[in-house]
Amino acid sequence: MTTARRGSGQLFVAAYVVLLIAFGVIPTGYAVYFAFTDAGDNFAGLSNFVQAATDFRYFAAVGHVALYLVCWLVSLVVFVVGLALLLHRLTADAAGKALRFLYYIPGALAGAASVMVWLFLLDPAVSPVSGLLRVAGFDTFGQVVAPGNLPVLFTLIAFWTGAGGWIVVMYGALNNISPDLLEAARIDGAGPWQTAWRIQIPLLRKWIVYMVILAFAGGTQLFVEPQLLSQASVGVAGRDYSLNQLSYDFAFQNNNVNTAAAISVELLLVGLVVAGVFVARSGFFDAD
Amino acid sequence: MTGQVRAAGVRRLALGVVAVLAAVTACGNGGSAGGAQGGFQPVPQTGGKITVWVDSTRLPAAQLYQKQHPAVQLDVVTYDGDANGSNYLQTKVGLFNRTRSGWPDVVFSSQNNETAWAVPAGFTAPLNKGQVPDATLSGWTAGANDPCTVDGTLYCLRNDLAQTVLWYDASLMQSWGYQVPKTWEEYQALGERVAAEHPGYLVGAAGDSFAPEIYLWASKCGANEITGPKQVKVNTTSPECTRMAALLDTLVKNKTMSTGSVFSSDFAKNAADKILMLPGPSWFGGSVFQESLKTPAGRIAVAPLPQWAGDPAPSVGNVGGGTWLLSAHSANLKDATDFLTWVTTSDEYQGKVAPGYPAYAAAAKTWLAKQSSGKYYANDVATPLQVAASQVWRGWGYGQFSQEAIWAATITPGLTAGKSIVSMLPEWQTAITNYAQSNGYEVTR
């Protein structure tokens, strides 16, 4: 490598590193500092963590987020992989191109905007699919946003907003599988199911792990969906539903930034540990 | 990489992290701002521009003031006015307290409980310690500034009142030959008659988050008695609470009490022409009947809220009514106080422009005269509204935690699912207790 090329490479990396430090490392360090101090900047040990855990909303929020994660991750893996495989089979014709475009559209909407779209969809008084809602037994918005329905609603919203991009990623990964390999499987008598199950999905494994890691970290930070739904339902649904909302409440309702930071640090730790386990067990960084 | 090199790298990384944390520590010693409850110490008065935060409804107030006072430099900023308990103001003040700059000089808020956090956060300046003359302060309707008073010191001024009255459709009442109920017992009996004789018509709505403020507050239910700066008495199962909850349950069951929100598109579509009676605050006339439901002129009338038979002390509830706060950090207290006084007391704004019933009594008279001359209502609204203004039951406090949010999260979903309110009263008690304690309140029964 020439010195000039090495220099420009370092410049690019340096820009990234500066941004990472400014908007990733320093805020994280700040949060960790807050989590272990009190309002007077004195070392507080684990008291902020204890205060968070003894709040009456804490374990309810943990349960809500856990249930949501199960619904969200399972539906994400099953449907994203399934739809990507379907897309890959249809790739030759115009339907494939149309579908690729269709899958990508929701992801192009900003998070809050797509949640707003769902708020209209879910209100039988104004929804374009109010017929479907009424058939399902929902006559009012209040019935739709009943607490028991929330994990499914948040999963629907998150899937609709987030899955399209992943389908496109998986589709790209499927395109990277050598056509010779698929051809050989076909000659050996493998049908579409066997090809998908024994060849394509195993080769997608790293991408699936990558998706699960990011979706898990994103899912633990559930905030926009319940917060907007709470605003729209004037508090009937989800005001302190998730851990991030609880953290927000501590910071801006109770003026207790330290306990809020403690919850954020816990979410960071959980995300890191789960990512570590997945990476270690899947051989994510192993060279092909 | 050798072990030695790796160890050196780890040490460098550790030192880097420590350096970052040290830098952060140096910058981050904001903590919570000191309270200003004691002797108020104004910041150096340098004068200059005053910053005023208003919601879009109060924007005409600031514009009118600017027009009448061209010499005052005014920077008007619109925000959500903390509508629906958004806590925007508290969030921003929390951040301003950390950065030690940026506070607005005067703020309008649609929430009555702002002093619960704004006083301990040191944001609000006291108003009855020489800032605003006592002669001016005595012009407010009795009890109007209760939400603004902490330990005898006044920290905000009430913009408008939201006393509850009984709105009713005068033409339906007359054509069906019904009498306007004077007691809650008569109200319930009429509800039962309507269910039998005119099914589909409504005598009230309990689906909004402010249902407890309309019904249970008026019934003197002690769910929210703030007894000290951080003390609250909560008893949701007293006879005062259960009698009103049972009334609501009866009417919900016979479908004359809606469980929908009066502001939902569903309600506007399906219930707009089905309202016989609707207990609600003074602003229901303009906001609900005129704007949302588009009820034609000449139909809606106002009566005093029903009372429980034999109760010698009439009581009504309250739903909102905004407040104006003066910043303790203002460097131009003279202009800021002048604006605050003008905006809350002036006849030109409060009496003639403001949409809500003015808390300042003299302006309220002008406002009521304007309502009467508008020919929208079927009777004279002045007397019932004026009488109700001083009947707001004082046993319901203005704590830091939102009663509306607690009711919405605890009772409304159960109501939607078909549970009775009476059966959920203990659950409501637990929820209020939990939220109060998590906000640092000592709770007694």
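Bear in mind the structure is a predicted one, so any value in this text is a computation, not a measurement. A note on names: the letters A, B, ... follow the listed sequences, proteins ahead of strands, and every chain is numbered from 1.
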### Message
Given B/T236, which partner from the list B/E427, B/Q429, B/R445 fulfils the side chain to side chain donor-acceptor pair (under 3.5 Å) test?
### Response
B/Q429
### Query
What part of B/F267 lies closer than 4.5 angstrom to a heavy atom of chain A: side chain, backbone, both or neither?
neither
### Message
Taking side chain as everything from C-beta outward and backbone as N, CA, C, O, which of these in B/S209 sits under 4.5 Å from a heavy atom of chain A? Side chain, backbone, both or neither.
### Response
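Interface part for B/S209: side chain.
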Just by distance, with hydrogens left out, do [X] and [Y] show a side-chain donor and acceptor under 3.5 Å apart?
X      : Y      : answer
B/T430 : B/T433 : no
B/D82  : B/S110 : no
A/N244 : A/S247 : no

Given heavy-atom pairs under 4.5 angstrom as the criterion, report whether the side chain, backbone, both or neither of [X] touches chain B.
X      : value
A/N256 : neither
A/Q253 : both
A/D38  : neither

### Query
Should the pair B/W103 and B/F96 be assigned to parallel (<30°), tilted (30 to 60°) or perpendicular (>60°) ring geometry?
perpendicular
#### Entry: B/W53 and B/Y88 aromatic ring geometry - parallel, tilted or perpendicular at 30°/60° bounds
tilted
### NZ/B/K274: more than 12 non-hydrogen atoms of other groups inside 6.0 Å
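Yes, NZ of B/K274 has more than 12 neighbouring heavy atoms, counting only those of other groups under 6.0 Å.
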### Task
Measure from NZ or CZ of A/R57 to the centre of the six-membered ring of A/F250, then state whether that distance is under 6.0 Å and the direction lies within 45° of the axis.
yes
### Task
Using a heavy-atom cutoff of under 4.5 Å, enumerate the residues of residues 400-410 of chain B that contact chain A, numbered in order, or state 'none'.
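Residues B/Q400, B/A405, B/A408, B/A409 are the ones that qualify, each having a heavy atom under 4.5 Å from chain A.
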